[in-house]
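Please read all numbers here as calculations on a predicted model, not as lab measurements.
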Amino acid sequence: MTIASPHLGSPDTWTDARLLYALEEVVEKELNRHLKVAKDWMPHDYVPWGDARNFPEFFEDGEEWEPGQSKVTDIGKTALVVNLLTEDNLPSYHHEIATLFGRDGAWGTWVHRWTAEEGRHGIVMRDYLLASRAVDPVKLEQFRMAHMSEGFESDNRHSMLHSVAYVAFQELATRISHRNTGHQSGDPVCDRMLARIATDENLHMVFYRNLLKSAFELAPDLTMQAVRDVVVNFRMPGHGMPGFERAAAQMAIGEIYNMRIHHDDVLQPVLRHLKVLEIDGLDPEGLKAQEELGMFMGGLDSEAAKFDEKLAARKARIAARGR
């Protein structure tokens, strides 16, 4: 796609404002496509309300939470809390993208639509956790307060291209995390709920991936540098929550999200779909970024192979102890 406008300037003078203007019609096209394929769904339909009981603070028949009430596996509990706390920070995410992309035109319409759809995720997950008594509700609220009180500042808030590149990968990473959490939860109700959320996340990924494709066609060198920076420095948005490092380690061992999954199921699919490492005609800075990206992916694959070996050895030890 090529957009010609006397107001855009040359590729050497791209600014966020010019790029936002140049990509506006792509955003409108992708927004219209998204609205045609996205299906409305009701969060309350996915919650097992029949399992709900009163808590004792104000109800005489209230029942304290006990670990044995949960139907969810230990790794499922950990991942559900991490995933929900990530969704809880939606006000900060909305602020970040509304500030960067604006509130007007197609960009603004997308920002508000995305926020509305993401809002369902936190609603249904919290209702599920409380109704099913899957996790300690007091600790969950304490974690929420601590995490949201810190707010969120994107690592990529300095650049529109970096932000678009980041969400193209992050939305897919979130989809994978939700989907694997459902599979590992041990509760079919939880699995069904997270599958519904994952469908939304996949549609969001497609929106941003297609936008990133147009950015490559418009400003290939700058976009390549942005993708290089984002991939090399990628962090999930929940990295600032209490106990995140320990929870992330447990989720890695539990095969919900780890280096192998990050490489094979998140980074590679997007890079391969856009043929990022095959783009030619780049200037020296773009070519350097492309080469560094390729080297990083090779190194990550090697690190993931080492992780795979350690995980296999751990499984073998556990199996041996169980004999």
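- When side chains are defined from C-beta on, L282 counts as touching P220, because their heavy atoms get closer than 4.5 Å.
- Side-chain contact check for Y21 versus T15: every heavy-atom pair is 4.5 Å or farther apart.
- Hydrophobic clustering of Ile, Leu, Val, Met, Phe, Trp and Tyr side chains at less than 4.5 Å, counting indirect connections, keeps M148 apart from V82.
- Inter-residue side-chain proximity for L311 and E255 is flagged as met; some heavy-atom pair is nearer than 4.5 Å.
- Annotation for G254 and I75: closest pair CA-CG1, 4.2 Å, computed over non-hydrogen atoms.
- Side-chain contact between R235 and D155: present, with at least one pair of heavy atoms (C-beta onward) separated by less than 4.5 Å.
- For the pair S163 (side chain) and N156 (backbone), a donor-acceptor distance under 3.5 Å is present.
- Note that the CZ atom of F207 and the CZ atom of R113 stand 12.0 Å from one another [nearest 0.5 Å].
- Between atom CD of residue E24 and atom CG of residue L31 there is a gap of 10.0 Å, rounded to the nearest 0.5 Å.
- In this structure, A38 and L203 approach most closely via the heavy-atom pair CA-CD1, 3.9 Å.
- Side-chain contact between L100 and D16: present, with at least one pair of heavy atoms (C-beta onward) separated by less than 4.5 Å.
- Between R33 and E30, at least one side-chain N (NZ, or NE/NH1/NH2) sits under 4.0 Å from a carboxylate O, which counts as a salt bridge.
- The shortest non-hydrogen separation linking E118 to L90 is CB-CD1, 3.8 Å.
- The shortest heavy-atom contact between V81 and V135 is CG2-CG1, 4.0 Å.
- A continuous path of Ile, Leu, Val, Met, Phe, Trp and Tyr side chains, each step under 4.5 Å between heavy atoms, connects V167 with L19, placing both in one hydrophobic cluster.
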- [ ] Would you please test K213 and E217 for salt bridge (charged side-chain N to carboxylate O under 4.0 Å, His left out) and show each step?
- [x] CA-CA 7 Å; K213 180 178 185 294; E217 295 170 357; 2.8 Å; yes
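- Side chains of Q170 and T174: a donor-acceptor N/O pair is present below 3.5 angstrom, by distance only.
- Looking at H263, H178, H262 one by one, the single match for ring pair (Phe, Tyr, Trp, His ring centres under 6.0 Å) with Y257 turns out to be H262.
- In this structure, L172 CG and S177 OG are separated by 11.0 Å, a value rounded to the nearest 0.5 Å.
- Contact annotation: the side chain of Q290 approaches that of L277 to within less than 4.5 Å [non-hydrogen atoms, C-beta and beyond].
- Interatomic distance, L218 CG to W14 CH2, rounded to the nearest 0.5 Å: 4.0 Å.
- Contact annotation: the side chain of L140 approaches that of R126 to within less than 4.5 Å [non-hydrogen atoms, C-beta and beyond].
- Residue H34 qualifies as enclosed at atom NE2: its count of foreign heavy atoms under 6.0 Å is above 12.
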Task: From CA spacing to verdict: side chain to side chain contact (heavy atoms under 4.5 Å, CB included), R196, T199 - done: CA-CA 5 Å; R196 177 58 261 187; T199 298; 3.6 Å; yes
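- At least one donor-acceptor pair under 3.5 Å links the side chain of D221 to the backbone N or O of D283.
- The line from CE of M160 to CD1 of I97 is 13.0 Å long, rounded to the nearest 0.5 Å.
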- [ ] Mind running side chain to side chain contact (heavy atoms under 4.5 Å, CB included) on D127 and V124 for me, showing each step along the way?
- [x] CA-CA 5 Å; D127 285 348; V124 72; 5.7 Å; no
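- A distance-only check finds a donor-acceptor pair linking the side chain of W49 to the backbone of H44 [under 3.5 Å].
- Within a 6.0 Å radius of CG in D104, no more than 12 heavy atoms belonging to other residues, nucleotides or ligands are found.
- L271 approaches V227 most closely through the heavy-atom pair CD2-CG1, 4.0 Å.
- For the pair L23 and A215, the tightest heavy-atom approach, listed with the atom from each and the gap, is CD2-N, 4.1 Å.
- Atom CZ of F296 sits about 11.0 Å away from atom CG of D301, to the nearest 0.5 Å.
- The six-membered or imidazole ring of F101 lies away from that of W110, with a centre-to-centre distance of 6.0 Å or more.
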TODO: Would you check, one step at a time, whether the test salt bridge (charged side-chain N to carboxylate O under 4.0 Å, His left out) holds for K306 with E303?
DONE: CA-CA 5 Å; K306 294 177 183 177; E303 289 299 312; 3.5 Å; yes
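- By the 4.5 Å heavy-atom criterion applied to side chains, E171 and Y208 are counted as neighbours.
- Connection of Y93 to V164 is established within a shared hydrophobic cluster, with ILVMFWY side chains joined at heavy-atom distances below 4.5 Å, either directly or through further cluster members.
- Counting only residues at least two apart or on different chains, the side chain to side chain donor-acceptor pair (under 3.5 Å) pairs with a member in residues 132-147 are Q69-R133, N89-H147, E141-R144.
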- [ ] For E285 and M224, run side chain to side chain contact (heavy atoms under 4.5 Å, CB included): C-alpha distance rounded to whole Å, both residues' side-chain angles, the deciding distance at 0.1 Å, then the answer.
- [x] CA-CA 9 Å; E285 286 300 313; M224 185 67 71; over 6 Å; no
- [ ] Take F216 and V276, measure what side chain to side chain contact (heavy atoms under 4.5 Å, CB included) needs, and give me the verdict at the end.
- [x] CA-CA 9 Å; F216 266 116; V276 173; 3.8 Å; yes
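- Ring centroid separation for the pair Y46 and W41 comes in under the 6.0 Å cut-off.
- Taking the charged nitrogens against the carboxylate oxygens, R120 and D40 do have a contact shorter than 4.0 Å, which makes a salt bridge.
- Hydrophobic clustering (side-chain heavy atoms under 4.5 Å, transitive across Ile, Leu, Val, Met, Phe, Trp, Tyr) keeps W65 apart from V72.
- Note on L293 and L222: same hydrophobic cluster, where clusters join Ile, Leu, Val, Met, Phe, Trp and Tyr whose side-chain heavy atoms are under 4.5 Å apart, directly or indirectly.
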